[in-house]
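Notes for the one structure printed next.
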Amino acid sequence: MTEFKAFSKMKELMTNYYIEAKTTKEKPIAWITSGAPVEFLFAMDIIPIYPENYAAMCAANHQSIELMEAAEAAGFSQDICAYARTDFGAAMTQGGPAGGLPPPHFLLCSTNICKTVIKWYEVLARNYNVPLFIVDTPFLHNGLTKDLIDYTVTQFIALESFLGNFLGRPFDRDRLTKVLSLSREAADYWKKILYLGKTIPSPFNSLDSFIHLGPIVTLRGTRECVDYYKLLYEEVAERAQKKIGSISEERYRVLWDNLPIWFKMRRLERFFEEKKCTLVVTTYANSWGGLSNFQANEMNDPYELFAASYLNVYINWGFENRIKYLSQLIDDFSLTGFIMHSNRSCKPYSVGMYCLQGEVSKLTGKPGVIIEADQNDPRVYSDAQVETRLEAFIESMEPVS
Amino acid sequence: MFKPFHEVVSNVSKTILKHEKELGCPVIGVMPAYFPMELIDAAGGYPVQLWGNNLPLGKSDAHLQTYCCSVARSVLELELIGGAKMVKAYAFTSLCDTLINLREIYRRLFPKPTVELSIPFTQTVEARRTYLKSVIRSVVKGLEEITGQRITPDSLAEAAHLHGRTRALQRKLYEIRREKPGLMKNHDFYTATKAGFFLPAALYNEMLEDLLEGLDKFPAPEGKGLKLLLSGLVFDPIEIYKIFDELGVHIVDDDFANGWRTVSKEELQVENLVQGITEFLFNPAPCCCVYNPDNDRHPYLVDKVKKAGADGVLFWYTKFCEPDAFDRPQLINRLKEMDILAASIEVELSMTSFDAVKTRISAFCEIAEG
Ligand code: SF4
Ligand code: SF4
């Protein structure tokens, strides 16, 4: 991991956030999916809790196996998303970092990342006996359409009523406007940081982005989040200006598609450093930067703008757009190849990947490799297999000129 | 009585080719689940339902990971080996992440057109109504482009009636099975249901009418076998029903997406198509793939078991089907709380050895029989 002074700030931010969530007596808690419109919650002083994030933390701390085993013993199949299994296990055993998550008062789920979260959140709704609000953001087979935007906006308005009724006070739209602008500002900084990766050598790598992702996922919409990414941006920009790379020597520059392998971060970091290969950019971390893609002057109605942002996430795109985007990133970031993580847990990200790999390679002339793994389940991961494949792939790339 | 149905199921391609020629209609492959066949028929298409098959998987491995369900893998295999040449286009629903992406794979790999009925997973009634309206508009347009024919109020009403009749006849068959356990072999029953996936509705209706007439004459058989209810996505591989038949077990009801969850649907209301399709998608039987808290699977299944007089529930888990897998543990707990015996078996459509399944079924039956 590249050392950034801002890192301690992030740790402080995230610790404070978890402490507040665990100790609050006044603020309601909502469990929420990573792609859901959290801004509505901040506008009403609700603390959002991200089971996905927590599950990732469990895996990074090498605690996911025992938690998943607990969930599997209770009947949850090994075939379901390992994030869900990890969290179910954490709740059953009160295990995981900080002894589990504070229980939810209600649940907010958006389908822009997958339809699987509906199933996951239905289980939670039954377990905790709390209401579940779904913001359905259908898959963009043919790009964004007015119908899809209208559909999403109508649900946003319904979400406002739901929150107002739940809390017994009117929804605060003025506050939402402020939160939205903070959210956008943070996403802008995040995107600018990620795009500094275009510099050769890259001052910031994808493993760094996975580590620094916490606040943009959980706290976007807060002032602290903006301040943090501003700080980080300044640091990364300085490195970019001084041409300080994130690894000692950069011969190869690659894209990473799909979620990180949370339980292998350190080992993979060492592996890539040894091979002089920088993971420069990821479709995954970019997703939260994409939330700032639509600017206020593009649409008159802020709700439409907001809906467009939440519909328009990479994992919710049809393949034509995925191929274009991947190819564009490969060009823009001067990459020498790309790695696709075929993630057993995550079908929306992985099903169709073989087809994408072939087409992107053909279009860009750059080699791509697919590794079979899982973001959270070390039991289906083999160091030897993955590393042998990656080695062969790295050897097949032309180094940066 | 079941011979004609067995013939269809043993000769699927031949059957489809024969009727395609006779009808002169383009064959449209319908992916799981709940795509209203009525729309295809009304547009002058010949809908054929693809719920997977038992082909050995080979070519599809280059496109789908082994952690995808065998339904998706086997339908793709069929297309890749040239077994679906007569299928001119595909109709999808947004049932699960796998199928959503599978449509994209088809769009990249094959020139055949596709349409998708995107199911709105929202509780916001107004949002659901307007969105579904736009979805139906695009599905209708897509189908009309494929067949080159317009869907008219008359063709729609006629198709609704035809398919409504199919399901009404199927419900009658389900009723006989519930009321006269043992009268039909389990394997025969599912063969009769499966034959409908491939036949033109009018012909299938006639076959069902004949069957029902034949069955009506028989009283309920004497003797008492164990009565089970099955729940899962797809009822295949139907070979397994021979195991139940050998054991003398009667499946008295089911909760399969391609079984009762579809069969239970009333005639599609076409005067207000948006409302009609809403009703069609969300009612009356709940499905793990169609979020609808107003129609909870828990009380539904408990009630269904009671009404069927089943001694237990066997969950029929098509490996890697996440929507099904998420629901199962809580459902099993709920059934157990109600003193209803429940267990699950894991199946893959491409499986060729049924020994492990047989052992598991036998063990479950022994427990159920006390
Ligand atoms: S990892 Fe994939 S399947 Fe699991 S919750 Fe995230 S997007 Fe959904
Ligand atoms: S069996 Fe399950 S996972 Fe497979 S296509 Fe059907 S709903 Fe999707």
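These numbers come from the heavy atoms of this one structure, side chains and all, not from hydrogens, waters or symmetry mates. Each chain gets a letter, A, B and so on, in the order the sequences are listed, and its residues count up from 1.
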I need the residue from [options] with the largest number of non-hydrogen atom pairs under 4.5 Å to chain B.
options: A:Arg344, A:Glu372, A:Arg322, A:Met353; result: A:Arg344
options: A:His141, A:Gln357, A:Gln155; result: A:His141
options: A:Leu132, A:Leu356, A:Val135, A:Val153; result: A:Leu132
options: A:Cys355, A:Ala158, A:Ser342; result: A:Ser342

Using non-hydrogen atoms and a 4.5 Å limit, figure out which bit of [X] sits close to chain B: side chain, backbone, both or neither.
X: A:Ile323; answer: side chain
X: A:Phe139; answer: side chain
X: A:Ile118; answer: side chain
X: A:Ala125; answer: neither
X: A:Ser345; answer: backbone
X: A:Cys81; answer: both
X: A:Glu359; answer: side chain
X: A:Phe88; answer: side chain
X: A:Asn343; answer: backbone
X: A:Ser350; answer: both

Report task. Please assess A:Glu320 against B:Arg108 for the test salt bridge (charged side-chain N to carboxylate O under 4.0 Å, His left out), listing each intermediate value before the final yes or no. Result -> CA-CA 8 Å; A:Glu320 184 155 332; B:Arg108 303 308 298 177; 3.5 Å; yes
Query raised in the report: Around A:Asn129, counting heavy atoms of other residues, nucleotides and ligands shown, do more than 12 lie under 6.0 Å from its CG?
Result: no
Query raised in the report: By number, which residues in residues 122-135 of chain B have some heavy atom less than 4.5 Å away from chain A?
Result: B:Thr122, B:Thr124, B:Glu126, B:Ala127, B:Arg128, B:Tyr131, B:Ser134
Query raised in the report: Counting N and O atoms only, with roles assigned by atom type, does the side chain of B:Asp97 sit under 3.5 Å from a partner on the main chain of A:Lys115, one being a donor and the other an acceptor?
Result: yes
Name the region of [X], side chain, backbone, both or neither, that has any atom closer than 4.5 Å to a heavy atom of chain A.
X: B:Ile332; answer: neither
X: B:Arg334; answer: neither
X: B:Cys288; answer: both
X: B:Ala72; answer: neither
X: B:Asp324; answer: neither

Query raised in the report: How long is the span from the OG atom in B:Ser60 to the OH atom in A:Tyr354, to the nearest 0.5 Å?
Result: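 The OH atom of A:Tyr354 is 10.5 Å from OG of B:Ser60, to the nearest 0.5 Å.
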Query raised in the report: Please walk me through it: do A:Val123 and B:Gln330 pass side-chain contact (heavy atoms from CB on, under 4.5 Å)?
Result: CA-CA 8 Å; A:Val123 171; B:Gln330 288 179 322; 3.5 Å; yes
Please name the pair of heavy atoms, one in [X] and one in [Y], separated by the smallest distance, quoted to 0.1 Å.
X: A:Ala74; Y: B:Pro329; answer: O-CB, 3.6 Å
X: B:Ala325; Y: A:Ile80; answer: CB-CG2, 3.5 Å
X: A:Val351; Y: B:Cys68; answer: CG2-SG, 3.7 Å

Query raised in the report: Any side-chain heavy atom of B:Tyr317 within less than 4.5 Å of one from A:Asp79?
Result: yes
Query raised in the report: How about A:Glu122 and B:Phe326: do any of their side-chain heavy atoms sit closer than 4.5 Å?
Result: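 No, too far: nothing below the 4.5 Å cut-off.
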Report task. Could you verify whether a donor N or O on one side chain and an acceptor N or O on the other, from A:Arg126 and B:Asn333, lie under 3.5 Å apart? Result ->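 Their side chains do not contain a donor-acceptor pair, so the 3.5 Å distance test is not met.
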Query raised in the report: Charged N to carboxylate O under 4.0 angstrom, A:Lys119 versus B:Glu322?
Result: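 B:Glu322 and A:Lys119: not salt-bridged.
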Query - Option in B:Glu346, B:Arg328, B:His298, B:Lys319 with maximal non-hydrogen atom pairs under 4.5 Å from chain A - result: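 When all of B:Glu346, B:Arg328, B:His298, B:Lys319 are compared, B:His298 has the most.
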Report summary line: Looking only at B:Asp296, B:Asp327, B:Ile100, the option with the highest number of non-hydrogen pairs under 4.5 Å against chain A is B:Ile100
Requested in this report: Assess whether side-chain contact (heavy atoms from CB on, under 4.5 Å) is satisfied between A:Ile134 and B:Tyr291, documenting all intermediate values.
Outcome: CA-CA 10 Å; A:Ile134 290 181; B:Tyr291 175 66; 3.3 Å; yes
Report summary line: Among residues 66-73 of chain A, those lying within the under-4.5 Å heavy-atom range of chain B are none
